[in-house]
Number of protein chains: 2
Amino acid sequence: MMETVNVKNIGLRGVTVADTKVSFIDGKEGVLVYRGYRIEDLARNATFPEVAYLLLHEILPDTKQLSYFNERLQKASEIPAYLYETLKHYPVDANPMDVLQAGVPLLAMADPELSDDTREANVRKAVRLIARLPVLVAAWHRIRQGLEPLPADNSLSHAANFLWQLHGVKPSEKMAHILDTCLVLHADHTFNASTFSCRQVVSSRAHIYAGVTAGIGALSGSLHGGANALVMKMLLSLKEEKDIAGWVKKQLESGERIMGMGHAVYKTMDPRAKFLKEMALSLGKETGQEKLVDLSMQIEQAALAEFEKRGKTEIKPNVDFYSASVYHLLGIPSDLMTPIFAISRIAGWTAHIIEEKTGEAQVKPALY
Amino acid sequence: MMETVNVKNIGLRGVTVADTKVSFIDGKEGVLVYRGYRIEDLARNATFPEVAYLLLHEILPDTKQLSYFNERLQKASEIPAYLYETLKHYPVDANPMDVLQAGVPLLAMADPELSDDTREANVRKAVRLIARLPVLVAAWHRIRQGLEPLPADNSLSHAANFLWQLHGVKPSEKMAHILDTCLVLHADHTFNASTFSCRQVVSSRAHIYAGVTAGIGALSGSLHGGANALVMKMLLSLKEEKDIAGWVKKQLESGERIMGMGHAVYKTMDPRAKFLKEMALSLGKETGQEKLVDLSMQIEQAALAEFEKRGKTEIKPNVDFYSASVYHLLGIPSDLMTPIFAISRIAGWTAHIIEEKTGEAQVKPALY
């Protein structure tokens, strides 16, 4: 039966397309919850593999389960040899998000369970995807520089191993911990644009890789995951700027946005942003690059003051505002910032795809 | 502002997410219109390049415009050398829809206008995509058989050249004409699942290739473009079946579907299906393979009779029911049937993406 629906504006904002048990947001209160756990608790106490387990299995793992899950992630991380071969043929200036979008269907070709659409098989495919996306991103970064990809180091954590495969240098414990926390913070966010693309694609019974490939496409847009790279561009362009407050004012007066400020859902501080700000401050000190973090804080203060003058007190720094600085201080080039968003969000995407495929979304009439 | 919307069922069926000027469907009357032209008129009088021009430029081309457009398609059809090289590394049993989904971001890497998001640049990118997808599908089919891809023959039409590059044999005029008509019939269908994915992905300002890649993912599902391959599987499995009526009855009694029957929107004969049936009949005669078409007609008759008994007179053959036979009689393997859907629908996808990006959808409160 068709439903008659009164939507004043086109687009889907505010339309309940389905409900989900994967995560929950209260935008007014600044609350983000994965499977019943507040993001603050997870960011302080859980690692990314724990959070990925939570998103996929609906409960937090015990020590034994977590150790087995970490082992599965490590074992699954090797990408097929033909994929390395194909990467060597790409134009060296290819956008890493295009490389990633091409890479996921290429991974599909090697999956022995591709046509098995059971929940169990899809969880195994999800583990492979979570394990392999970072390896693919790191391999591309090596290959485009004319370097050989590096083998995984199984003595390292998921996040530390990514930094090792990317840079060929083992990261400090602190740096690895900070990246791990970033991955925790970005892992899910209910029906955001990329997650919705993933779910929408598999609703025609397409396989999990086809859904994830669509999610990567949506994430690449500048209104979504692409925003962190634009924040970085803004920071780099303002390195020599003396009058930040003046620049912010001029920007707003000419109708331009301040990248990384404001959010479609949060009408208060994004609960992820405060962790990212703390980490940026701490990393700035560690790396002796306090100037970049100072610049971010100057922009934030000037912007908040200008927004207040304009009665727009709900516009606050979002998840991209400080993540750009954190990634930069971890030595990550700007064009890999959105791919790093993807290697975290893959946990949420796959959890949502499995929910969509099994019809386990919580169907309730509540509207928000 | 959030809107409160009363949807009884989750999912988007019947929800007006946007409106479009690209095409129009009246499901009750069995009417499909591209840019104001009924599909029957286009199928009888227009070629696929004319229809692609119509979808992209909103008007039918005159002779000069069409000749220039055909020339542009031919000139744009060469795919980059690195793409051939990568294809040679894929597993030979890779699903062609995965090859196609990987292929589109690989094409993005070669587009000199990738970051130009103006309407004009996107129309040029659309022309490249329309020109290149068939070349990619044909190249993969050659390579997986251990054969070299064939260069385009510019003396041939778009459809004829595809059959040439696929089979290495120039098709008869009749066969080329039939494939061309199939491409016309599949070129657009308003907000179907794959088109919606395309539009949804680019709504975050992702590029046109990212959107198309998502569309290919959605199309691959068995509830969407993947259905034609399943019709073919059904036909091949019933080749030796003596009691078609009995098989149909048993199928429905055990709650199974008859592949290719019924449609989410059409409550009468799908206006495309009657053309496909005529073409299947004609090709059956031409190729001496009337048996396959007879089998389809037996299934159709038995199914219609069974549905009538059950009061479900609105269930009729859809676009996939006879297209499977037509493609089979054109010598196209089952696993290339969905990719052929894609090399037609790419015209509609790109027209919709451009509409989404330019905000030119017709915003009206009408609900249907």
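Lettering of chains follows the sequences in order, A, B, ..., and the numbering in each one begins at 1. Please read all numbers here as calculations on a predicted model, not as lab measurements.
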Closest approach of B:Val201 to A:Ala214 (non-hydrogen atoms, all atoms of both residues): CG2-O, 3.7 Å

CZ on A:Arg199 to CD on B:Gln200, rounded to 0.5 Å: 12.5 Å

From A:Asp98 atom CG to B:Met109 atom CE, the distance as rounded to the nearest 0.5 Å: 5.5 Å

Choice from B:Gly226, B:Ala193, B:Ser222, B:Ala110 maximising heavy atom contacts with chain A below 4.5 Å: B:Ser222

Residue, of A:Met97, A:Arg205, A:His207, that accumulates the most heavy atom pairs under 4.5 Å with chain B: A:Arg205

Donor-acceptor list for residues 111-119 of chain A side chains, cut-off 3.5 Å, not counting sequence neighbours:
residue	atom	partner	partner atom	Å
A:Asp111	OD1	A:Glu113	N	2.8
A:Asp111	OD1	A:Arg128	NH1	2.8
A:Asp111	OD2	A:Arg128	NH1	2.9
A:Asp111	OD2	A:Tyr209	OH	2.4
A:Glu113	OE1	A:Arg124	NE	3.0
A:Glu113	OE1	A:Arg128	NH1	3.3
A:Glu113	OE1	A:Arg128	NH2	2.7
A:Glu113	OE2	A:Arg124	NE	2.9
A:Glu113	OE2	A:Arg124	NH2	2.6
A:Asp116	OD1	A:Thr118	N	3.0
A:Asp116	OD1	A:Thr118	OG1	2.8
A:Asp117	OD1	A:Asn122	ND2	3.1
A:Asp117	OD1	A:Lys357	NZ	3.1
A:Asp117	OD2	A:Lys357	NZ	3.2
A:Thr118	OG1	A:Ala121	N	3.2
A:Arg119	NH1	A:Glu360	OE1	2.8
A:Arg119	NH2	A:Glu58	OE2	3.4

Chain B contacts, top residue of A:Ala210, A:Gly103, A:Ala108, A:Gly215 (heavy-atom pairs, under 4.5 Å): A:Ala210

Donor-acceptor under 3.5 Å (B:Ser204 side chain, A:Ala218 main chain): yes

Proximal to chain A - members of residues 85-96 of chain B, heavy-atom separation under 4.5 Å: B:Glu85, B:Thr86, B:His89, B:Tyr90, B:Pro91, B:Ala94

With B:Gln145 via side-chain hydrogen bond (donor to acceptor under 3.5 Å, both in side chains) - residues at least two apart: B:His141

Sidechain-backbone polar pair: B:Ser220 side chain, A:Ala206 backbone, donor-acceptor under 3.5 Å: no

Non-neighbouring partners of B:His224 that pass side-chain hydrogen bond (donor to acceptor under 3.5 Å, both in side chains), sequence neighbours left out: B:Asn192, B:Ser194

Contacting moiety of A:Val99, where chain B heavy atoms sit under 4.5 Å: both

